[in-house]
Structure formats: structure tokens, C-alpha cells
Amino acid sequence: MRAFAWIATGVLSVALLTQPVSVQAQLSLSVTIIAVLLVLWRFGRSPLARQAYLALSSFIVIRYVYWRLTCTLPPTSDWVGLGFGLILLSAELYCVLILIISLIVNVDPVKRKPLTRRDDEDLPVVDVFIPTYNEDEYILATTAAAALSMDYPKEKLNVWLLDDGGTDQKCNDKNPAKAEAAKLRRSSLQELCKRLGAHYLTRAKNEHAKAGNMNSALAHVKGDIVLVFDADHAPFRAFLQETVAYFIDYPKLFLVQTPHVFLNPDPIEKNLKTFDRMPSENEMFYSMTQRGLDKWDASFFCGSAALLRRSALMEAGGFSGVTITEDCETAFELHAKGYNSIFVDKPLIAGLQPETFASFVGQRVRWCQGMLQIMVLKNPALKKGLKPIQKLGYLSSMTFWFFPFPRLIFMLAPLAYILFDVKIFVSNVDEAVAFTATYMISNVMLQNYMFGTVRWPWVSELYEYCQGVFLSKAIVSVLMNPRKPTFNVTAKGLTLDNDHLSELAWPFFAIYLMLLTGTLVAAFRYVVEPGVSNLMMIVGIWNTFNLIMAGVALGAVSERKQPDRHPRLTIKRKGWLDFSDQRVAVEIVNVSAGGCAVRLMEEMPPMLLEAEDTRARLTIEPVGDLVGKRSLPLIFRRGPNTGDDIFGCEFDTMQAEEYFVLADLMYGDSDALPRFLASRRKHKSIWAGTGQFIWWGLVEPFRALAYLFKPKPKTEEEAAAAPAPPPETSTAWLKRLVAQASDGEKKPAEGDPQQAARKSA
């Protein structure tokens, strides 16, 4: 009866909302609703007010869609305009569909209460998997030490380093240099694990990428829970205490997923300089969407920072490996078997993001293709065992990746009318204001109401546009051959030594020039040509907004230099600097894998301050129990900043056991990362966000032009009179990326030969 009541109410509401009214009545109605939304925005944040806000916003959306379908398409006599008009309409309907699904998913996001601490004897045995392929050893040492340092009974915690870079296949490679490198890697990591107290595992062949690596490890473990960390995802000390007891409380639970949080900015954040003041792009997904899915038992595995019940994995045949997104695919199969999932919205790991725009796009190509593979090969709508709401949740996560097509349609559509007089949208100014303008205003208000603390206005559109330029071809590739894409490792840990344009920047310049031409032509025609209607002004404004978006994107692909490859985490810990015959108390204010900054708490001898490359050891007040009497070797690289007693320090060559000190220092305080996220999660109003976006759109093209005409610095090879290889074009780079089926071996998603050379060096 309840379902029937909801369906009947929905049908009656749609029937009422699609009644034809005059333009003036529509404008009055929409303005009234927007006024009510403003009141709710100011005074209503309860669950009931939230649902009222969503319902009222939906009213304007439905009215707009009805008007678009019935009144705005060109006549059949204008077959060119009608064709382009249907393309634009289909893009809009796709966005409305995604919006509706998003409202359903996020109607009441779950916020779980912290767990109570359990007795050690009640806790399950946990096997930690750290899959690795080509990551630097210091990254693996840091992650393994942090995993071993988690607050958990040591006899119930086993850490496994799963090395796919030292397999038998690689050690027996026909290329002697590659074979020797694999053997050296294997022996070095075996020694590292031995000294840390972790377990080293490799396998015969590199089959089925990450999923195959972890499935091989499943045959060696007997624990109750499998905990997966990417090689560059180091856990905080409280990780297991905040998560593992859910498996005790819920026998049918197969997954506990936690957010992915990063110490370094993604390329767009870095290039626009927003990392310290704007929420990262992924925070909306982890802080809202995953919590929304959690209400419907549909939150899914994201590849790392997650615990899975081993018995459930074994029942499903291990980690799924049909697609290149083994994480979501595994959750998909286990949800279909009746198992449950939980999302814990607390940052408990710190990871690394791609540093370059090319590697960022390469990562998104893999995500996009993998999700579409699941949709095509395993169709959630037809999957037996899934609840209807779970099917909707998975379909929303998969169909989302079609966004490149509508995003590019919206970007280029105004040019059809401005340059070629093709009318793809039949409307006058009054109708455009009453329906289109109010729809856009309410839509922006809705997005800001729901996600304003985790997403600034227009940032979603920017990320979608920047990715959409390249993902379109990747989507077509996977739809034509769903089994073709292969797993590629995302390049991380790169150092950018100078300001330069990304090798993928050229399409963004071309689109910007087209849009700039369109804006100038629209202004000229509106002022000069007789008979041009006010519709040209509206379309010109639309094109100008697109121009601003394209201008911001030029800034996003203008790579700022980043000489420091080790991102720092702000902390507040006590410690002591030990010199040969002197001990000085300090406060450690930030730390990274490469060094730290300390504030002097007492006077240091002048001779030590004046010396260059002064060596010392840093002893800390530990949080965990694995530090013992160990300390960290330091080298002072610079003097104090003006007006304070803060010194920058670089870690000297570290022994394996000393990584326990680094892990305790970086990851001992589990509230350090939440404090950082809270510092930048301040609601950004529509006015402030729009103003910031316009400013970027005006100034960033000039920075991109400066990079374009900036002399390219000589490489070492060029200095030695050796010609440098030309960078790949964006087309060649993407063609290589999406056509990896011919090479089953995983490769970093790098397109810049100079970056590859720096990494190998």
C-alpha cells in the first residue's frame, strides 16, 4: 500500500505540474518557489526541510522539462535545426536524469556513530594487502610501517606486500636488464619485509592485474578480514579500531569502505592554487554520495582503504577481474549475493594523487572505461539478487561517466546559432527568463544547498569539461569493444621542475579560440546587424559563460612547477633534536616522507645554527608501541623563517626499522587529517563562488599564454647536444592510452618523455 501511495502521489504531482500556464504565471510561480527556497536555505537544515527543498526544486525542474519537450523544438520543416535541437535536448534530459537519481541517492545520507572499543579477544584476525607494481621502496616502507603500527593486537594483524614487479615472469624476462631489475626489486623488498616484520609475496605471472595479484594472495591467508591499501595509501593508527568491529555486529557484512583522502593536490588544484582553501573534487563523492548510497545498502568498494570479509570473497570466487575496475565489480557481485556494505565517513588514510594533468586524465580514463565495462558486460538493471534501489545506485555510478558528451554539447551548441544561424532552441526572451533562467537558478541553488561545503559552485562543470575533452574517445572505445581496455598504473610521485603547458593543452586552446570568436561575432551581430533579436544576446551570454569555463580550463592545464615531491601533513608533536653533545626540545609542526619542520622550544647553540648541513637525530614522544628507542636521522637544509624559530629538515638515509618512527609521527594522530579537511570545508556561496570562477576565467588564459611563449628549459641531453624527443600530441597520447589491449602488461599513464626520464633517474 505504501508503494502504491507513493506511485499514485507521483503520478498526480506530474499531472498537475505539466498543466499549461502563461509565461507570466510561470515566472511568478518560479520566483515564489525560489523565494521559499531562500527561506529554507537560511533557516531549514533538518531532514524534513531538506526533503521540502528537494521537492520544491524538483517542481521547477519538471516544469522546465515539460516546456522543453512541448514548446522549444524547431519545426520539422527545419530538419537541420531539429536535428541539432534533438541532440541538445538529449543532453539536457541526460542531465535531468542524473539529477533525479542524485536526489534519490542523496535524500538522506547516513552518518554513522563511532564504534565502541572491543576487547582484544573478540577482534577478528586481519590480513592487510598492499599490492605494488613499480612504486618506490620508500613509499612501500612508509605504508607497510604504518599498517604494522595500527592500534590492533599484533598477533591478529598480518601485513602482506604483494609484489607484481618481482614476479617470476619479470625475473625471467628476455630483456636481461629488465630481468635483473626485477630480481633486484624482489630481493630488496624481501629484505625490507623481513626487517619490518611484514610478509613478502609475489606470483608466477602478471595475470589479471591488481585483482589477480590479490586473488593469488588469498590462497596464502587464513584471517577473517582482508584489508586493502594501495601502495601509496598509508593508514592512520586508529584505522582498525574505527572500522573492524562492524563485522562483529553485522554477520552479513562484506565491506567497510572509508574515504580516500590525499596529502597532495590533484593537477587542477595545484594549477589553480586551491588545495589549502577549497574542498577536493573527490570529497563530494566520499562525503555525500557514498553516504547517500550507504542508506540504500549500495556503497561500494573503491579499491583501497577498505575491509572485506574473506569468507564472502571466497564464496564469490575472489576479487572480480572481468573489468579493469575490480573494486566496484567485486562489490557488485557480493551485493547480488545478499551481502551488505557500510561506509564510514572518517578520513583514516592519506594517499597520493597524480601530479600531472596527463596522468590525472589517464587515471580517469581507467575509471570511466571500467565502470562502463561493468554496465555493458554485467548490466545492473538485469542483475539477479540486487534490490531495485541498489540497481539504481550502480546504474547512477555507471551512467554518470557519459557526462563528456552533454558537457561538450553544451560547450559548443551556442556556436551553431551565432555562426550559422541554426536555431536549435525555439524561444523568446520572456520564455527564456521564465523557464530557462529560473531553472538554472534553482538548479545552482539546489547543488549549493546539498553540496556547498564540499564543492564550490561551477567546479563540477570545470572538472567534467577538462576530462570530457579526452574521455569521449575512451567511451566510444569501450562501447565498441568492452573487453579491450587493460589495467594501467597511474603515475605518481613525479617532480615538476618548471612551469609548462601540459602536453594535452592544445585542444583547450582550440576550443577557447572558437568560443572567443563566437562571443565576438555575437556581440558584433547584435550591435550591427538589423533584425537580430534579443535571442542573440541570450545565446551570446551562454557562449560567454562557456568562454569563461574554457578560460579556467586553460589554467587547469598550465602546469605549475612542483619541485618538492613530498607533500606535508600539519601536525603538533613533541620531540628532541640530538646532536653529538647537545639535546634541544622542539615541536614538530609538519612532516612528510622526505622531511619535517620543527619549532625550537629552547635556544640552540649559535655554532649549530650557522653550520651548513648540520646533522642530528630526531627523537619523538611516541603514540604507538613500535618506535622503541629509535630516532630519525636529519639534515638541516635552511635557516629559520623571519620572525619565528621554525627550521626545515630533510631526512637522511633511513634504515627500514626507522620507518616505524616516521609512521608514528605522520599517522599516529588520527585526527590530523580531519582537522585539515575541516579547515577548508567552509560553505561557499553562489555569489562568492561565481565571482571566483569569473576571475579565474579572466586571468588564467593570460598565464596559459605566458607558458605557451615561455622558452623551454634545456634538458641535460640537450645541454650535451643530444636532441630531445618531441612531446606527444594530445591525440597520439590518448590513442595510445585507450588502445592498450595489444600490451597486457601494466604501464604508467605518462605521456611526457621528460617526466618518464626524471622518474627513471
Side-chain angles (χ1 to χ4, degrees), residues 90-91 93-106 208-211 255 257 282 284-285 289-290 292-294 296-303 316-317 319-337 339 341 361-409 460 463-464 467-468 470-488 734 737-741:
S90 65
L93 292 178
Y94 164 84
C95 293
V96 170
L97 176 63
I98 294 297
L99 173 63
I100 292 172
I101 296 176
S102 176
L103 297 183
I104 295 172
V105 168
N106 294 291
H208 304 295
K210 182 179 176 182
L255 170 71
Q257 177 68 57
N282 68 322
M284 189 173 88
F285 172 73
T289 302
Q290 278 280 45
L293 290 168
D294 195 18
W296 310 112
D297 190 24
S299 60
F300 57 85
F301 180 31
C302 296
F319 293 92
S320 300
V322 175
T323 72
I324 58 175
T325 46
E326 83 295 329
D327 42 15
C328 182
E329 185 187 349
T330 299
F332 177 77
E333 294 293 345
L334 286 168
H335 271 136
K337 290 183 177 295
Y339 285 98
S341 62
V361 170
Q363 179 191 68
R364 300 311 167 93
V365 165
R366 176 165 61 84
W367 293 357
C368 170
Q369 291 187 318
M371 295 300 280
L372 294 181
Q373 278 183 300
I374 300 174
M375 186 186 72
V376 174
L377 298 175
K378 299 196 172 185
N379 197 345
L382 303 178
K383 185 70 172 179
K384 293 181 179 180
L386 290 180
K387 302 172 186 175
I389 191 66
Q390 289 176 320
K391 293 181 178 182
L392 185 67
Y394 277 107
L395 282 171
S396 71
S397 300
M398 296 166 190
T399 55
F400 161 79
W401 287 100
F402 286 109
F403 71 79
F405 298 116
R407 184 57 55 201
L408 294 177
I409 289 170
S460 291
Y463 273 84
E464 290 181 5
Q467 297 174 71
F470 297 99
L471 291 189
S472 303
K473 184 176 180 180
I475 293 170
V476 173
S477 173
V478 76
L479 292 179
M480 292 179 64
N481 189 350
R483 298 184 183 276
K484 180 179 179 179
T486 56
F487 194 99
N488 68 288
L734 189 65
L737 186 63
V738 300
Q740 298 176 64

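All of these numbers come straight from a predicted model, not from anything done at the bench. Values below: all heavy atoms of this structure, side chains included; hydrogens, waters and symmetry mates excluded. Heads up: numbering here begins at 1 and tracks the sequence.
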Enter the distance from [X]:[atom1] to [Y]:[atom2] here, rounded to the nearest 0.5 Å.
X	Y	atom1	atom2	answer
D297	L255	CG	CG	10.0 Å
F319	L334	CZ	CG	9.5 Å
E326	I374	CD	CD1	9.5 Å
L293	S396	CG	OG	6.0 Å
K473	I475	NZ	CD1	13.5 Å
M398	C368	CE	SG	12.0 Å

Exercise for review: Please work out whether the ring planes of F285 and F300 are parallel, tilted or perpendicular, with thresholds of 30° and 60°.
Suggested key: tilted
Check your understanding: So F332 and Y394, would you call those rings parallel, tilted or perpendicular, with 30° and 60° as cut-offs?
Key -> perpendicular
Tell me the closest heavy-atom pair linking [X] and [Y], and the distance in Å.
X	Y	value
A381	L395	CB-CD1, 4.1 Å
Q369	I324	CB-CD1, 4.1 Å
R366	T325	O-CG2, 4.0 Å
S320	T330	N-OG1, 3.0 Å
F405	V476	CZ-CG2, 4.2 Å
G321	H208	O-ND1, 4.4 Å

Is the shortest side-chain heavy-atom distance between [X] and [Y] below 4.5 Å?
X	Y	answer
H335	F301	no
K378	V322	yes
T399	M375	yes
F400	I101	no

Point to revise | Residue pair Q467, R407: steps toward the side-chain contact (heavy atoms from CB on, under 4.5 Å) verdict | key: CA-CA 10 Å; Q467 297 174 71; R407 184 57 55 201; over 6 Å; no
Point to revise | Side chains of S299 and Q257, donor plus acceptor under 3.5 Å | key: no
Check your understanding: side-chain contact (heavy atoms from CB on, under 4.5 Å) between V365 and F470: does it pass, once the steps are laid out?
Key -> CA-CA 8 Å; V365 165; F470 297 99; 5.5 Å; no
